[in-house]
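Below, chain A is the first sequence line, B the second, and so on; all start at residue 1.
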Protein chains: 2
Amino acid sequence: MREGPDIARIAALVADPARSAMLLALMDGRALTASELAQLAGITPQTASSHLARLVDGDVLSLEAQGRHRYFRLSGPHVAAMLEALMVFSSDAAPPLRTGPNDPALRKARICYDHLAGEMGVALYDRMQADDWLDRDLAVTDQGWDRLAGIGLAPAQLPRSNRPLCRACLDWSMRRPHLAGLVGKLVLDRLLALSWARRMPSSRVVLFTPEGERRFHDWLC
Amino acid sequence: MREGPDIARIAALVADPARSAMLLALMDGRALTASELAQLAGITPQTASSHLARLVDGDVLSLEAQGRHRYFRLSGPHVAAMLEALMVFSSDAAPPLRTGPNDPALRKARICYDHLAGEMGVALYDRMQADDWLDRDLAVTDQGWDRLAGIGLAPAQLPRSNRPLCRACLDWSMRRPHLAGLVGKLVLDRLLALSWARRMPSSRVVLFTPEGERRFHDWLC
DNA sequence: CGCATGGTTCGATGTTAATCGAAGCGTCGC
DNA sequence: GCGACGCTTCGATTAACATCGAACCATGCG
């Protein structure tokens, strides 16, 4: 019996119904807490804790501890690709082969958790990186706050919260990171407050007005 | 707990070391017998029989009974794609992401079991299908024998054998079928005997001479 | 027919691992 | 500091299931 790549090990991690339910829930790139995942999978927190530990140990999930919460997310696009390859087999597979949302409006801009994802979200993150709005630790620089002031965001407005200010969130339609974290949420709040965009009811689509999209790109300069 | 695609069921089929070893052995599209697979996986025939039954039941393998032999093969390209997605995780993964051999010579023409695979093999099979060398049951037609005579193949030469004359074998580099079965083997034998091509030592590459490749294409007309 | 060979079915055994209750540990809010 | 909350560790129970020996079916060969 010649040895090959150990696909059994990783397959076993997905093979449990509770674990696969959690993985599917994370397919959109969000980060969820242990309790949320436990409830989604229909198991007790103790059991979920054991499952999540194994998934992290197997490099399928990555873990970010935040106060008394622990956020879990897929550790990369290769995990989503693997799950998609498995979904092909289920006849009832909702989204058969798409590597991301195929609705153009969804690809353009959508809600991811509470921040902006899709092309617009990635564009924002790219600009923030390229123009040094953030430093290497994803902390907002002075320059970054200058730019954020352009849509009426100031450090004084930050609510007291343990949530990280900025975080990179993987975008499954673009396969590239977009802005998450508290600033991600606040930016989206401002875009909606300024009426540059609005949420579509009962959908994750964020619809920019033509005027709003122009101003958004002007703001990014 | 909302239900999603049942990826756990299919993942569980791969999650066993014996089963995954068999699946990996079938990655090149060959069909192997139950005994061969049992030996490859290092288990007894009884155990292998149980595993193979589950894999066939789960539509991961397809089964072709031939006399007292039973040939198993991956049931389609989506299975190979799934296995490849899983292989990405094993650090020692030999072929990380390629959807088939990336060596140009291997893509062009190679040995698959005992017949011709790669672009040349697929070209042959395409022509056989398009020009009715075969009927719907993959039996060789009179017209087919006329054409096969062009490289010196005649029905009288067929050894007594229970092996099917022609079979379609999935080609992982092309994702399309090529000619397998006894005729597949004999055609390759003739190509080598005519010195249109030769095997490279300790490799699966089949190297056509320029003259041989020209004659091959002339033969296919 | 007789025998070998390839495969399967059945039953018993042992191992793995999923699950939850109970208890423990850190963090947050008052 | 005290209690609530999120999460983990520990232990015991239970349910799958991988494995193989033995017996059983079917095919091919002389």
Side-chain angles (χ1 to χ4, degrees), chain A residues 1 6-23 25-26 31-58 60-73 159-164 182, chain B residues 1 6-23 25-26 31-58 60-73 159-164 182:
Chain A
M1 175 179 177
D6 189 10
I7 63 174
R9 204 188 107 267
I10 174 78
L13 289 176
V14 189
D16 181 81
R19 282 196 294 267
S20 69
M22 301 195 218
L23 290 172
L26 293 168
L32 297 178
T33 67
S35 325
E36 288 169 324
L37 289 167
Q39 189 180 358
L40 274 161
I43 53 180
T44 60
Q46 315 99 324
T47 309
S49 177
S50 156
H51 285 312
L52 291 168
R54 293 186 62 176
L55 290 171
V56 169
D57 187 61
V60 174
L61 295 187
S62 63
L63 168 60
E64 205 162 339
Q66 201 53 240
R68 56 181 167 181
H69 296 273
R70 307 189 78 185
Y71 285 93
F72 296 86
R73 72 176 66 233
R160 292 185 61 244
S161 163
N162 48 11
R163 190 171 167 195
L182 185 55
Chain B
M1 175 181 179
D6 189 8
I7 62 174
R9 204 188 108 266
I10 174 77
L13 288 176
V14 189
D16 180 81
R19 283 196 294 265
S20 70
M22 302 194 215
L23 291 173
L26 294 168
L32 297 177
T33 67
S35 325
E36 289 170 324
L37 289 167
Q39 188 180 359
L40 274 162
I43 53 181
T44 61
Q46 316 98 322
T47 310
S49 177
S50 155
H51 285 312
L52 291 169
R54 294 185 62 174
L55 290 171
V56 170
D57 187 62
V60 174
L61 294 187
S62 63
L63 167 60
E64 204 162 342
Q66 201 54 239
R68 55 180 167 184
H69 294 273
R70 309 189 77 183
Y71 285 93
F72 295 87
R73 72 175 65 233
R160 293 185 62 244
S161 164
N162 49 9
R163 190 170 166 196
L182 185 54

* Asked: Do A/Tyr71 and A/His69 pass the side chain to side chain contact (heavy atoms under 4.5 Å, CB included) test, and can you show the C-alpha distance, the side-chain angles, and the key distance before you say yes or no?
  -> CA-CA 6 Å; A/Tyr71 285 93; A/His69 296 273; 4.0 Å; yes
* Under 4.0 Å: is that the gap between some side-chain N or O of B/His51 and OP1 or OP2 of D/dT19? -> yes
* Asked: How long is the line joining CG of B/Leu52 and C1' of D/dA18, in whole Å?
  -> 14 Å
* To do: Calculate the interatomic distance between B/Leu55 atom CG and C/dT8 atom P; express it in whole Å.
  => 12 Å
* Spacing of A/Ile43 atom CD1 relative to D/dT14 atom P, expressed in whole Å -> 20 Å
* Working to the nearest 0.5 Å, report the span between CG of B/Asp16 and CZ of B/Arg54. => 8.0 Å
* Asked: Are B/Leu32 and B/Gln39 close enough, and set up right, to give a side chain to side chain contact (heavy atoms under 4.5 Å, CB included), and what steps lead you there?
  -> CA-CA 11 Å; B/Leu32 297 177; B/Gln39 188 180 359; over 6 Å; no
* Asked: At under 4.0 Å, does any side-chain N or O of B/Arg19 touch on OP1 or OP2 of D/dA18?
  -> yes
* Asked: Quick one: which of D/dT8, C/dC20, D/dT19 gets closest to the side chain of A/Pro45?
  -> D/dT8
* **Spacing of A/Met22 atom CE relative to C/dA18 atom P, expressed in whole Å** => 10 Å
* Examine D/dT19: is either OP1 or OP2 under 4.0 Å from a nitrogen or oxygen in the side chain of B/Thr47? Give yes or no. => no
* Any side-chain N or O of B/Thr44 less than 4.0 Å from the OP1 or OP2 oxygen of D/dT19? -> no
* Residue mapping more 5' on DNA chain C - nearest nucleotide basis, A/Asp16 or B/Thr33 -> B/Thr33
* With a 4.5 Å heavy-atom cut-off, do A/Leu23 and A/Leu61 have their side chains touching? -> yes
* Taking the side chain of A/Gln46 as heavy atoms from C-beta outward, which of C/dT19, C/dG21, C/dT8 is closest to it? -> C/dG21
* Asked: Quick one: is D/dT8 close enough that its OP1 or OP2 comes under 4.0 Å of any side-chain N or O from A/Arg68?
  -> no
* To do: Quickly work out the B/Arg9 CZ to D/dA16 C1' distance and round it to whole Å.
  => 17 Å
* Verify the contact: side-chain N or O of B/Arg54 to OP1 or OP2 of D/dA18, cut-off strictly under 4.0 Å; return yes or no. => yes
